[in-house]
Number of protein chains: 2
Amino acid sequence: MSDEYESLKLKNQLCFPLYACSKEIVRRYKPFLDEVDLTYTQYIAMMVLWEKGELNVKELGECLFLDSGTLTPLLKKLEKKGFLERKRSEKDERNLRVLITKEGEELKKKAVCIPEQMGKCIQLETEEAMQLYQLLYKILGQLEQ
Amino acid sequence: MSDEYESLKLKNQLCFPLYACSKEIVRRYKPFLDEVDLTYTQYIAMMVLWEKGELNVKELGECLFLDSGTLTPLLKKLEKKGFLERKRSEKDERNLRVLITKEGEELKKKAVCIPEQMGKCIQLETEEAMQLYQLLYKILGQLEQ
DNA sequence: ACTTATTAAATTGTACGCAATTCAATAGCA
DNA sequence: TGCTATTGAATTGCGTACAATTTAATAAGT
């Protein structure tokens with residue numbers, strides 16, 4: 001007999017393994033991130049700063065798919081740790097500029113070993129990793145509009 | 001010039017699109033889940049209950065990759081909504097049995113349209129969806145040990 | 001039987017994550 | 001120039017997540 005509720009079974013969901021995988025991987029990051037005194041969300045925020053050096057909260061939010069409700073307290077914590085500075089733009093005081101500090105730059109040297117160490121936890125063929133990467137960005141692209 | 005910090009760029013991460021994708025999809029679920037008065041986490045908990053009818057907190061946690069710190073308050077909320085009952089096992093009082101109620105069963109009828117509606121948000125070929133599904137469970141399997 | 005170890009939930013504390021609202025600054029327009 | 005609309009952050013409130021600890025119940029070993 002076919003089950004009319006088959007579509008509600010956990011094993012038939014695509015979102016659930018996405019959700020679980022994301023959580024479990026972030027959990028695996030923790031011991032490595034503890035070494036540099038960052039949470040995962042703080043880490044990806046620092047990644048953007050390491051690359052751009054300076055940007056405002058809105059831009060950062062667009063990079064990370066996060067809003068000010070998440071970023072405001074997070075950036076205050078990173079400022080307290082000395083990794084960045086927050087100052088209002090003089091041209092437009094609505095914009096809050098986020099600037100990396102010398103300590104923030106220094107941290108990059110300690111963090112650079114993290115991607116390699118995490119790579120060992122996820123054993124995918126290059127081909128598989130690329131497939132996964134592309135599928136995820138395909139979905140993200142569709143969700144953007 | 002090669003950038004020695006290339007591995008720290010957001011665009012070279014595999015975990016980040018996983019994290020972002022998971023969050024964005026869960027966000028897309030919200031309007032549909034509002035209709036049945038569930039959050040995403042409550043929804044996947046109900047999925048397990050719809051299938052099994054009854055199980056204890058530990059088993060549920062293993063299905064969902066969640067611990068009692070998350071599940072205890074969540075199950076209390078679902079109990080308050082009338083979708084399930086929580087009672088200690090008589091055989092072993094350490095175990096808390098979670099039992100679906102008649103209202104919980106009823107809810108399944110309202111929820112059955114959700115997977116289809118969400119499917120429209122994610123436009124993947126069958127082939128792609130299967131690839132993604134398998135890659136995610138491959139990673140989850142590796143993270144289990 | 002008594003002691004110790006293990007187990008299952010609950011609790012505590014910290015950090016997101018997001019919808020909704022508020023507030024201040026600027027842009028647009030009559 | 002005023003008035004209104006929009007914009008960017010901050011705030012508020014609620015619901016997870018999870019590490020670490022606590023508590024109560026049972027299992028295991030002597």
Side-chain angles (χ1 to χ4, degrees), chain A residues 15-16 18-34 37-46 55-81 84 86-98 143, chain B residues 16 19-34 37-46 55-81 84 86-98 143:
Chain A
C15 178
F16 172 68
L18 211 59
Y19 157 86
C21 221
S22 165
K23 264 180 345 96
E24 290 305 302
I25 294 181
V26 168
R27 219 157 60 80
R28 288 301 184 96
Y29 263 104
K30 189 171 187 315
F32 304 119
L33 291 175
D34 281 347
D37 190 26
L38 293 175
T39 64
Y40 180 74
T41 316
Q42 290 167 8
Y43 174 59
I44 57 176
M46 288 306 299
L55 77 177
N56 62 37
V57 175
K58 184 181 167 55
E59 288 164 340
L60 182 59
E62 282 163 1
C63 291
L64 300 179
F65 296 85
L66 292 172
D67 71 2
S68 68
T70 301
L71 288 175
T72 295
L74 182 139
L75 293 171
K76 284 180 179 173
K77 279 170 209 158
L78 288 174
E79 186 177 42
K80 193 170 288 177
K81 295 183 192 187
L84 55 79
R86 299 160 66 247
K87 52 175 62 161
R88 291 281 166 187
S89 161
E90 289 178 16
K91 278 211 287 282
D92 184 342
E93 299 222 352
R94 285 173 303 185
N95 288 294
L96 188 132
R97 302 297 290 170
V98 181
L143 295 174
Chain B
F16 171 68
Y19 158 86
C21 221
S22 165
K23 270 183 334 102
E24 290 306 302
I25 294 180
V26 168
R27 218 157 59 80
R28 287 304 183 93
Y29 263 104
K30 190 172 187 315
F32 303 119
L33 291 175
D34 282 347
D37 189 25
L38 293 175
T39 64
Y40 180 73
T41 315
Q42 290 168 8
Y43 175 58
I44 57 175
M46 289 306 299
L55 78 177
N56 62 37
V57 174
K58 184 182 166 56
E59 290 164 340
L60 183 58
E62 282 163 1
C63 291
L64 301 180
F65 296 84
L66 292 171
D67 71 3
S68 68
T70 302
L71 288 176
T72 297
L74 183 140
L75 293 171
K76 285 181 179 172
K77 278 168 210 156
L78 287 174
E79 185 177 42
K80 192 169 288 177
K81 293 182 193 188
L84 55 81
R86 299 160 66 247
K87 52 176 61 164
R88 292 281 165 186
S89 161
E90 288 177 18
K91 277 211 289 280
D92 183 343
E93 299 223 353
R94 288 173 301 185
N95 288 292
L96 189 132
R97 302 296 291 169
V98 181
L143 296 175

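All figures in this text were calculated on a predicted structure; none of them were measured in a lab. The chains referred to below are lettered A, B, ... by the order of the sequence lines, with proteins before strands, and numbering in each begins at 1.
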(request) Considering only NZ, NE, NH1 and NH2 on the basic side and carboxylate oxygens on the acidic side, decide whether A/Lys76 and A/Glu79 come within less than 4.0 Å. (result) no
(request) Taking all non-hydrogen atoms of both residues into account, name the closest pair between B/Ala45 and B/Leu78 and its distance. (result) CB-CD1, 4.3 Å
(message) Between the side chains of A/Arg28 and A/Glu24, is the shortest nitrogen-to-carboxylate-oxygen separation below 4.0 Å, so that they form an ion pair?
(response) no
(message) Please classify the nucleic acid contact of A/Thr70 as base, sugar-phosphate, or nothing, using heavy-atom distances under 4.0 Å.
(response) base
(request) Write down the atom of B/Asp37, the atom of B/Gln42, and the distance for their closest heavy-atom approach. (result) O-OE1, 4.0 Å
(request) Would you mind reading off the distance between B/Tyr19 atom OH and D/dC18 atom P, rounded to a whole angstrom? (result) 13 Å
(request) Keeping the roles fixed (side chain from B/Arg88, backbone from B/Glu93), state whether a donor-acceptor pair exists under 3.5 Å. (result) yes
(request) Check the distance between D/dA17's P and B/Leu71's CG and give it to me in whole angstrom. (result) 10 Å
(message) If I take atom CZ in residue A/Arg86 and atom P in nucleotide D/dG8, what distance separates them, rounded to the nearest angstrom?
(response) 17 Å
(request) Could you point out which residue of B/Leu96, B/Leu66, B/Asn95, B/Asp67 forms a side chain to side chain contact (heavy atoms under 4.5 Å, CB included) with B/Val57? (result) B/Leu96
(request) Mind listing the closest non-hydrogen atom pair of A/Ile44 and B/Tyr19 along with its distance? (result) CD1-CE2, 3.6 Å
(request) Return no unless some side-chain N or O of A/Lys77 is found under 4.0 Å from OP1 or OP2 of C/dC16. (result) yes
(request) Round to the nearest Å and state the distance from A/Lys81 atom NZ to C/dT14 atom P. (result) 13 Å
(request) Starting at atom CG of A/Leu75, determine the distance to atom C1' of C/dC16, rounded to an integer number of angstrom. (result) 13 Å
(request) Using the closest heavy atom to pick a nucleotide of DNA chain D for each, name whichever of B/Leu74 or A/Asp67 lands nearer the 5' end. (result) A/Asp67
(request) Consider the side chain of B/Thr41, meaning its heavy atoms from C-beta on, and name the nucleotide among C/dA10, D/dA25, D/dT16 that approaches it most closely. (result) D/dT16
(request) Measure across B/Leu84 and B/Arg86 and return the closest heavy-atom pair with its distance rounded to 0.1 Å. (result) CD1-CG, 3.9 Å
(request) Give the minimum heavy-atom separation between B/Ser22 and A/Ser22, together with the two atoms involved. (result) CB-CB, 4.0 Å
(request) In whole angstrom, give the distance that lies between atom CD of B/Glu62 and atom C1' of C/dA9. (result) 14 Å
Please tabulate the protein-to-nucleotide N/O contacts below 3.5 Å involving nucleotides 4-8 of chain C, giving atom names and distances.
from	atom 1	to	atom 2	distance (Å)
C/dT7	O2	B/Arg94	NH1	3.3
C/dA8	OP2	B/Lys58	NZ	3.4
C/dA8	O3'	B/Arg94	O	3.3
C/dA8	O3'	B/Asn95	OD1	3.3

(message) Which heavy atom of A/Phe65 sits nearest to which heavy atom of B/Ala20, and what is that distance?
(response) CD1-CB, 3.8 Å
(request) Check DNA chain C against residues 22-30 of chain A and give the residues with a non-hydrogen atom under 4.0 Å, in numerical order. (result) none
(message) It should be established whether B/Tyr40 places a side-chain nitrogen or oxygen under 4.0 Å from OP1 or OP2 of nucleotide C/dG17.
(response) no
(request) Calculate the interatomic distance between A/Tyr43 atom OH and C/dA15 atom P; express it in whole Å. (result) 19 Å
(message) Please report the distance, rounded to the nearest Å, between NZ in B/Lys76 and P in D/dG15.
(response) 14 Å
(request) Report which part of the nucleic acid A/Leu66 touches: base, sugar-phosphate, or nothing (heavy-atom distance under 4.0 Å, all strands). (result) sugar-phosphate
(message) Let's see if you can work this out: which of C/dC18, D/dT16, D/dA9 has an atom nearest to the side-chain heavy atoms of B/Gln42?
(response) D/dT16
(request) Return the 5'-most residue of the pair B/Gly69, A/Ser68 with respect to DNA chain C, ranking by each residue's nearest nucleotide. (result) B/Gly69
